[in-house]
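Lettering follows sequence order; numbering is per chain, from 1.
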Amino acid sequence: MPELPEVEVLRRSLEPYLVGEEVRRIEVRSPALREPLDAAELERRLAGHRIERLGRRAKYLLVDVDGGSTLAVHLGMSGRLTLVPGETPPERHEHLAIHLASGRKLRLRDPRRFGLAFALATAGVAADGPFAHLGVEPLSDRFSGTALREAARGRRGPVKPFLMDARTVVGVGNIYACEALYRAGIHPSRSVARIARARWNRLAGAVVEVLSDAISEGGTTLNDFRNGAGESGYFQVSLAVYGREGEPCPTCRAPIRRRVHSNRSTFYCPRCQR
DNA sequence: CGTAGACCCTGCGCGC
DNA sequence: TGCGCGCAGGGTCTAC
């Protein structure tokens, strides 16, 4: 479900409600996510602590509490994190509820169970465990065409899976990889070894632009993305190619094509993208 | 070493 | 109306 823009929209929507809140208790209703939820660890690191800030690294939402711990949540494909009154009955596939001093609860629902939630020492976010291999943040000033070109050195294969590889740049999933390549006019099957400097620069610019546009429109809602208040986003109406196989390209009217890279659907315009 | 494909899981929409 | 199939925004693991 979520790529970087959706997680960022979620972060911004929850921040004003969560900062200053105190975590009362952790309720693990069903531990089976990609890694089993560790109720004892969540309780030990979070309960009794005050939430100081909400951050994001790649597609992880980070909830920092006082005392030096962080809750990391990854929504996988189908995860949804919402803030509701504490007495709200549990819903189907509600794995985790974090009960807050105000009486509300932050609940994580994830039907497909590809998501993750764990607590760790805040200092570990920079380099530990699941964060260790992550590449550059696309909305940071360390991201550029040069960064992409250098990441591509010694690599082979099509640019589209390269762009979705978190070692290259984080947060770019299937939708925004397709859209960025379209905006940059680069064919998704083009080999990374055959992209000139100017086109790397153009691609980096397109990545920043498409992610920023999506954030400002509240994210993309295809089936079930909602922000922390349960509201949907609007960027899906701005998608030029994703999910539009057979429809005319917004630029040249050629029918949008679909093909598969690494088991993921890729949508592109065969005329505008070379 | 790198890349391509299978796989994890449930739900939904579509065609028959 | 009911059923089977294909597909879904995530990441990781294995085979080559």
Side-chain angles (χ1 to χ4, degrees), chain A residues 1-10 29-37 56-61 72-81 91-95 108-118 129-135 138 151-182 188-194 207 210-211 213-215 217-227 232-246 258-267:
Chain A
M1 166 179 75
E3 303 182 36
L4 184 150
E6 289 71 39
V7 179
E8 182 61 25
V9 166
L10 177 67
R29 303 187 44 81
S30 162
L33 288 178
R34 203 167 86 219
E35 305 277 341
L37 290 175
R56 180 190 55 74
R57 172 72 172 115
K59 295 168 188 166
Y60 289 90
L61 179 74
V73 178
H74 194 297
L75 298 176
M77 290 278 249
S78 57
R80 194 188 289 186
L81 194 65
E91 57 187 351
R92 197 162 148 75
H93 304 297
E94 182 174 322
H95 289 88
L108 175 63
R109 170 188 138 99
D110 185 0
R112 290 178 73 183
R113 297 193 257 138
F114 292 163
L116 288 171
F118 55 91
F131 305 103
H133 70 286
L134 293 177
R153 218 171 358 194
R155 307 278 303 270
R156 298 175 289 119
V159 62
K160 197 260 193 168
F162 169 79
L163 197 56
M164 290 179 66
D165 187 333
R167 295 170 303 172
T168 307
V169 55
V170 299
V172 183
N174 205 28
I175 295 178
Y176 299 114
C178 293
E179 295 296 314
L181 287 165
Y182 172 76
S189 300
R190 172 168 287 272
S191 165
V192 294
R194 300 229 186 300
V207 167
V210 74
L211 295 179
D213 288 355
I215 290 170
E217 290 180 47
T220 297
T221 301
L222 292 185
N223 294 312
D224 57 3
F225 170 69
R226 295 292 186 277
N227 67 21
S232 60
Y234 296 94
F235 192 70
Q236 63 274 16
V237 300
S238 305
L239 297 176
V241 290
Y242 184 85
R244 299 195 185 277
E245 183 182 15
R258 172 182 173 272
R259 63 148 290 177
V260 173
H261 291 102
S262 315
N263 273 356
R264 316 299 294 273
S265 287
T266 302
F267 299 89

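- Within the structure, every side-chain polar atom (N or O) of A:Arg112 is placed at least 4.0 Å from both OP1 and OP2 of C:dA8.
- A salt bridge links A:Glu8 with A:Arg56; the closest basic N to acidic carboxylate O contact falls under 4.0 Å.
- As a whole-Å value, the separation of A:Glu91 CD from B:dT10 C1' is 14 Å.
- The closest side-chain donor-acceptor pair between A:Ser238 and A:Glu217 falls under 3.5 angstrom.
- To the nearest angstrom, P of C:dC13 lies 8 Å from CD of A:Glu35.
- For A:His93, whose side chain is taken as the heavy atoms from C-beta onward, the closest listed nucleotide among B:dC8, B:dG11, C:dA8 is B:dG11.
- Neither OP1 nor OP2 of C:dG9 sits under 4.0 Å from any side-chain N or O of A:Tyr176.
- Between the side chains of A:Thr220 and A:Tyr176, at least one donor N or O sits under 3.5 Å from an acceptor N or O.
- Summarising the geometry, the separation between CZ on A:Arg113 and C1' on B:dT10 is reported as 8 Å, rounded to the nearest angstrom.
- Pairing of C:dC3, defined by two Watson-Crick or G-U wobble distances under 3.5 Å, is identified with B:dG15.
- Between C:dA8 and A:Ser78, no contact under 4.0 Å exists linking OP1 or OP2 to a side-chain N or O.
- Nearest-nucleotide mapping onto DNA chain B: of A:Gly154 and A:Ser262, the residue sitting toward the 5' end is A:Gly154.
- Within the structure, a side-chain polar atom (N or O) of A:Asn263 is placed less than 4.0 Å from OP1 or OP2 of B:dA6.
- Between the CZ atom of A:Arg80 and the P atom of B:dC9 there is a distance of 22 Å, rounded to whole Å.
- A donor and an acceptor atom never sit less than 3.5 Å apart when one is taken from the side chain of A:Arg264 and the other from the base of C:dA8.
- Neither OP1 nor OP2 of C:dG11 sits under 4.0 Å from any side-chain N or O of A:His133.
- Defined by atom type and a distance below 3.5 Å, a donor-acceptor pair is missing between the side-chain atoms of A:Thr266 and A:Arg259.
- Under the 30°/60° scheme for interplanar angles, the aromatic rings of A:Phe118 and A:Tyr60 are found to stand perpendicular.
- Within the 4.0 Å cut-off from OP1 or OP2 of C:dG11, at least one side-chain nitrogen or oxygen of A:His74 is found.
- For the atom pair CG of A:Leu75 and CZ of A:Arg109, the computed distance is 12.5 Å after rounding to the nearest 0.5 Å.
- When rounded to the nearest whole Å, the span between CG of A:Leu108 and P of C:dG10 equals 17 Å.
- Base pairing of B:dG2 is made with C:dC16, judged by Watson-Crick or G-U wobble geometry with both donor-acceptor distances under 3.5 Å.
- The nearest whole Å value for the distance from the CZ atom in A:Arg34 to the P atom in B:dC7 is 18 Å.
- Remark: P of C:dG11 and CZ of A:Phe131 are 12 Å apart, rounded to the nearest angstrom.
- Between B:dC9 and C:dT14, the two P atoms lie 16 Å apart (nearest whole Å).
- Backbone-only contact: A:Arg155 has heavy atoms under 4.0 Å from sugar-phosphate atoms and none from a base.
- Among the atoms of the strands shown, none is found under 4.0 Å from any heavy atom of A:His261.
- Taking atom P in both C:dG11 and B:dC1, the straight-line distance is 22 Å, to the nearest Å.
- Protein atom CZ of A:Arg167 is 11 Å distant from nucleotide atom C1' of B:dC1, rounded to whole Å.
- Nucleic acid contact for A:Asn174: sugar-phosphate only, since backbone atoms but no base atoms lie under 4.0 Å from a heavy atom of the residue.
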